[in-house]
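See structure below.
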Amino acid sequence: MVNPTMPTDPATPYPHRDSAFAILGAEIWDHLWPWSRKGFQRQRAIQAASLALALAASLAWVLAAMGELPAGAVIGWWFGWSVFEVVVRLGSKPYVKEGPWWGRRYRVANTMDMICYVGFKNLLIGATLFLAFKSLGLLVL
């Protein structure tokens, strides 16, 4: 059935959960882990490259926390990871949340949906990490 309020078809990313902890855990996992079993089966080369790039971006954050990498380099690595994450998510988890953040309606994502989702999510994660490292005196700007 077509829903005129949704720009794309509805999606069901994971089975319905009733427990608040299960819902929260699924949300956190969904935001922080862009890979899926289905994605690994269809796009092995892209998925393997994305794992390597994710490891490199994580290493960049660790080096930044140790004061060994300037902020501009971390931003460059984070941007590179974000671009690659769009490709990974379109192949692994091609859906976005529709409606308010506390809702549980999902829909199939197009490329622009995924760019906006990944860009905003990674902007929030990056800003949080920068502020945390700066407040702990770990980040040298």
Side-chain angles (χ1 to χ4, degrees), residues 1-69 71-141:
M1 176 177 230
V2 175
N3 184 345
T5 63
M6 293 179 71
T8 58
D9 294 333
T12 307
Y14 39 81
H16 180 73
R17 294 178 169 90
D18 289 325
S19 161
F21 289 113
I23 292 168
L24 182 62
E27 285 287 321
I28 291 170
W29 180 259
D30 206 39
H31 290 308
L32 298 179
W33 189 259
W35 301 279
S36 72
R37 183 174 295 149
K38 181 179 78 172
F40 275 114
Q41 292 169 349
R42 291 186 328 174
Q43 303 174 313
R44 291 186 193 275
I46 290 176
Q47 301 296 335
S50 70
L51 284 171
L53 189 59
L55 184 62
S58 299
L59 180 61
W61 279 106
V62 170
L63 289 173
M66 294 171 34
E68 300 293 324
L69 199 61
V74 176
I75 291 169
W77 272 106
W78 199 238
F79 178 77
W81 162 248
S82 296
V83 170
F84 211 78
E85 185 181 354
V86 169
V87 176
V88 171
R89 281 191 178 272
L90 283 171
S92 291
K93 296 180 176 180
Y95 54 84
V96 291
K97 189 171 275 192
E98 178 69 22
W101 63 268
W102 60 84
R104 290 193 274 175
R105 280 185 15 177
Y106 296 87
R107 64 179 176 81
V108 176
N110 59 37
T111 304
M112 189 52 72
D113 291 330
M114 196 58 72
I115 289 170
C116 292
Y117 165 73
V118 169
F120 188 68
K121 173 186 73 75
N122 286 355
L123 177 67
L124 290 176
I125 291 170
T128 301
L129 288 171
F130 262 111
L131 290 172
F133 289 164
K134 187 68 176 166
S135 68
L136 294 172
L138 299 173
L139 189 64
V140 179
L141 297 178

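Only this structure's heavy atoms are used, side chains among them; waters, hydrogens and symmetry mates stay out. Index from 1, following the sequence.
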- [ ] Evaluate the side-chain proximity of D113 to V108: yes if any heavy-atom separation is below 4.5 Å, no if none is.
- [x] no
Within this structure, what is the [atom1]-[atom2] distance for the pair [X] and [Y], rounded to the nearest 0.5 Å?
| X | Y | atom1 | atom2 | result |
| --- | --- | --- | --- | --- |
| L51 | I46 | CG | CD1 | 12.5 Å |
| E98 | T8 | CD | OG1 | 7.0 Å |
| L53 | L59 | CG | CG | 11.5 Å |
| D30 | R89 | CG | CZ | 6.0 Å |
| I23 | I28 | CD1 | CD1 | 12.0 Å |
| L123 | F120 | CG | CZ | 7.0 Å |

Task: Stepwise side chain to side chain contact (heavy atoms under 4.5 Å, CB included) test for F84 and V88 - done: CA-CA 6 Å; F84 211 78; V88 171; 3.9 Å; yes
- [ ] Quick one: list whatever passes ring pair (Phe, Tyr, Trp, His ring centres under 6.0 Å) with Y95, sequence neighbours left out.
- [x]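 With neighbours one apart ignored, the set is Y106.
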TODO: Quick one: list whatever passes ring pair (Phe, Tyr, Trp, His ring centres under 6.0 Å) with W102, sequence neighbours left out.
DONE: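 Listed in chain order: nothing, the list is empty.
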- [ ] Decide, yes or no, whether a salt bridge links D9 with R107 under the criterion of side-chain N to carboxylate O below 4.0 Å.
- [x]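 Here D9 does not pair with R107 in a salt bridge, since their nearest N and O are not under 4.0 Å apart.
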Task: Pair K97 + E27, salt bridge at N-O below 4.0 Å - done: yes
Open item on the list: Check this for me: W81, atom CH2, are more than 12 non-hydrogen atoms of other residues, nucleotides or ligands nearer than 6.0 Å?
Closed with: yes
TODO: Determine, stepwise, if the pair W77 / W61 fulfils side chain to side chain contact (heavy atoms under 4.5 Å, CB included).
DONE: CA-CA 9 Å; W77 272 106; W61 279 106; over 6 Å; no
Indicate the atoms forming the closest heavy-atom contact of [X] with [Y], along with that distance.
| X | Y | result |
| --- | --- | --- |
| K121 | H31 | NZ-O, 3.2 Å |
| V74 | A64 | CG2-CB, 3.3 Å |
| V86 | M114 | O-CG, 3.9 Å |

Task: Side-chain (N122) to main-chain (G119) donor-acceptor, under 3.5 angstrom - done: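 Not at all, since once roles are kept as given, no pair shorter than 3.5 Å links the two residues.
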TODO: Mark yes or no for whether S36, through its side chain, and S92, through its backbone, hold a donor-acceptor pair below 3.5 Å.
DONE: yes
- [ ] Measure the acute angle between the ring planes of W33 and W29, then classify it against the limits of 30° and 60° as parallel, tilted or perpendicular.
- [x] parallel
Task: Pair W78 and F130, ring centroids less than 6.0 Å apart - done: no
